2 protein chains.
Amino acid sequence: MTEQPPPDKSGAEPGAASPAKAAKARTAAETRQLILETALRLFRERGYEGTTMRGIAAEAGVSLGNAYYYFKSKEHLIQAYYGRSHDEHLAACVEALESERDLKRRLLAVCRTKIETARPYHRFAGQLFKTAADPASPLSPFSAESMPVRREATELMAVVVEGSATRVPGELSGELPNLLWLYLMAIILFWIHDDSLGCARTYKLIDRTVEIIVRLINLSSLTLMRPLVRGALELTSELRQLSTPEAR
Amino acid sequence: MTEQPPPDKSGAEPGAASPAKAAKARTAAETRQLILETALRLFRERGYEGTTMRGIAAEAGVSLGNAYYYFKSKEHLIQAYYGRSHDEHLAACVEALESERDLKRRLLAVCRTKIETARPYHRFAGQLFKTAADPASPLSPFSAESMPVRREATELMAVVVEGSATRVPGELSGELPNLLWLYLMAIILFWIHDDSLGCARTYKLIDRTVEIIVRLINLSSLTLMRPLVRGALELTSELRQLSTPEAR
DNA sequence: GTCTATAACCGGATAGAC
DNA sequence: GTCTATCCGGTTATAGAC
């Protein structure tokens with residue numbers, strides 16, 4: 001969700017208790033915020049690799065060590081980006097979801113707004129993906145640390161389906177949001193590699209695949225498709241059961 | 001970390017039984033090979049990040065500078081891994097492809113052997129993927145530099161299909177190898193994240209999805225499925241046309 | 001053309017003083 | 001909470017030996 005500054009020990013809400021504060025003083029939350037904003041700006045301007053921790057610190061007017069005091073590593077700055085990106089996405093597609101009942105158009109709106117809101121970070125996202133792709137990294141969308149954002153995003157897909165006029169067969173409806181989230185991840189993966197003008201290819205891909213997905217959902221209640229759907233659903237449940245040998 | 005004792009300068013190759021060869025002599029190719037083998041071994045033993053260029057040089061008994069003389073960067077060592085990995089895969093599945101006509105079993109064999117041959121490098125592959133995921137990286141499977149390996153792998157999928165007893169509808173047959181290559185990439189992506197015992201989940205995923213894919217191929221000639229297949233194929237061709245604004 | 005040795009640069013990360 | 005000093009490893013540069 002929105003960036004919550006974790007360590008607030010002073011207990012003083014901004015502007016609440018102390019008007020007597022010296023002009024130059026900064027609360028911890030403010031410093032943290034300052035560093036984060038600076039980092040995100042530099043990421044946009046220079047890309048992920050082009051931005052150094054030293055650069056962030058210098059630009060924000062704090063020391064290198066101080067930056068590391070608030071963010072354990074360069075990667076941890078990215079978690080903040082995740083949260084913000086999701087918030088922006090949510091804000092951008094909530095209107096469409098309130099006014100639209102057609103499943104295809106709902107799904108289209110959600111996918112398109114995701115790409116639109118992420119656009120300023122296109123280059124950054126490419127390099128970012130580099131570290132996010134490492135399964136061991138807490139930044140992996142599949143990691144335990146990413147669970148909160150992931151749950152929210154999946155929940156959004158549930159809203160897309162449930163708020164639509166389409167009736168989804170019972171056996172499929174439980175799994176569908178997860179599958180749609182996975183689909184959106186795939187779209188993002190494509191987008192990251194998309195250097196076409198205005199990301200035209202990604203939009204084309206979205207238009208076409210949403211079409212196909214909705215058609216498949218409609219076909220899924222057909223007897224002919226039963227074994228196929230059944231097989232796919234069994235797979236997802238089996239994969240969940242074959243879970244990791246030792247708990248992390 | 002323990003300090004590595006300085007490289008042995010005595011000149012005696014350990015266990016060098018070669019009669020004529022001057023003890024210290026080594027051809028350029030041999031040195032290159034030595035460095036590469038050492039690197040791949042250390043990658044296996046310590047992972048990608050856990051292996052330092054200094055460590056490779058020390059273990060191979062050459063200087064750091066020499067290692068950089070043969071491999072422009074740490075990443076360039078990876079290209080060598082790609083090539084070798086594909087060769088091993090080819091060798092491992094050629095037998096099955098010669099003796100088996102059933103499409104499902106052919107595809108199964110190819111996917112399974114891919115995972116099996118890559119297994120010693122599981123951890124390495126995860127970290128490796130980190131740099132390969134960057135679209136700008138020459139190591140990306142979609143990059144121009146990776147084209148040769150990619151073409152070979154796609155060609156392998158063409159063999160899988162063409163050597164099978166299954167008749168694929170003409171409009172689909174041209175695109176199918178590309179789609180199957182993409183499918184294998186997805187499997188690998190899953191495998192990288194798979195920490196289940198013996199990668200059981202990956203094998204389960206392969207079994208199930210190959211089943212589904214083959215069933216879809218068989219269904220694809222049905223009139224009912226026509227618009228769906230047609231739509232998907234139009235998409236791939238459109239994506240190719242909307243190519244990059246400037247040639248690389 | 002092959003190779004060694006060494007010093008240096010750069011940037012992520014940490015330690016410990018204030 | 002904030003700083004300075006330092007470590008560590010990828011990478012580059014250089015100078016010279018065979």
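Letters A, B, ... mirror the listed sequences (proteins, then strands); counts begin at 1. Below, each value reflects all heavy atoms present in this structure, side chains not excepted, and no hydrogens, waters or symmetry copies. All values derive from a computational prediction rather than experimental measurement.
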**OP:** Return yes when atom CD of A/Glu49 has more than 12 non-hydrogen atoms of other residues, nucleotides or ligands closer than 6.0 Å, and no otherwise.
**Re:** yes

Original post:
Should the pair B/Arg54-B/Glu59 be classified as a salt bridge under the 4.0 Å nitrogen-to-oxygen rule?
Top reply: no

Subject >> Cation-pi geometry met for B/Lys74 and B/Tyr68 (6.0 Å, 45°) >> reply: no

**OP:** For B/Phe71 and D/dG10, give me the distance from atom CZ to atom P, rounded to whole Å.
**Re:** 16 Å

**OP:** List the steps and the verdict of side-chain contact (heavy atoms from CB on, under 4.5 Å) for B/Leu205 and B/Arg201.
**Re:** CA-CA 6 Å; B/Leu205 179 69; B/Arg201 281 151 83 170; over 6 Å; no

Subject >> Watson-Crick or G-U stems of DNA chain D, 3 or more pairs, under 3.5 Å, by first number >> reply: C:2-18 with D:1-17

Subject >> Parallel, tilted or perpendicular: rings of A/Phe43 and A/Phe124 (30°, 60°) >> reply: parallel

**OP:** Answer yes or no: is there a donor N or O on one side and an acceptor on the other, between the side chain of A/His193 and the main chain of B/Ser140, under 3.5 Å?
**Re:** no

Original post:
To the nearest angstrom, how far is B/Arg46 atom CZ from D/dC8 atom C1'?
Top reply: 16 Å

Original post:
For D/dT2, does OP1 or OP2 lie under 4.0 Å from any side-chain N or O of A/Tyr70?
Top reply: yes

**OP:** Could you please spell out the steps behind the ring pair (Phe, Tyr, Trp, His ring centres under 6.0 Å) verdict for A/Tyr121 and A/Tyr81?
**Re:** CA-CA 10 Å; A/Tyr121 295 92; A/Tyr81 164 71; 4.8 Å; yes

**OP:** Spell out protein contact along nucleotides 11-18 of chain C as letters: B when the base is contacted, S when just the sugar-phosphate is, - when no protein heavy atom is under 4.0 Å; keep the 5' to 3' order.
**Re:** BBBB----

Subject >> Selected nucleotide, minimal atom distance to A/Val62 side chain, candidates D/dG1, C/dA5, D/dC3 >> reply: D/dC3

**OP:** Determine: side-chain N/O of A/Asn66 to OP1/OP2 of D/dG1, distance under 4.0 Å, yes or no.
**Re:** no

Subject >> Euclidean distance, atom CD1 of residue B/Ile56 to atom C1' of D/dG9 [Å, nearest integer] >> reply: 12 Å

**OP:** Measure across A/Gly47 and A/Thr51 and return the closest heavy-atom pair with its distance rounded to 0.1 Å.
**Re:** O-OG1, 2.7 Å

Subject >> Spacing of B/Arg32 atom CZ relative to C/dG1 atom P, expressed in whole Å >> reply: 16 Å

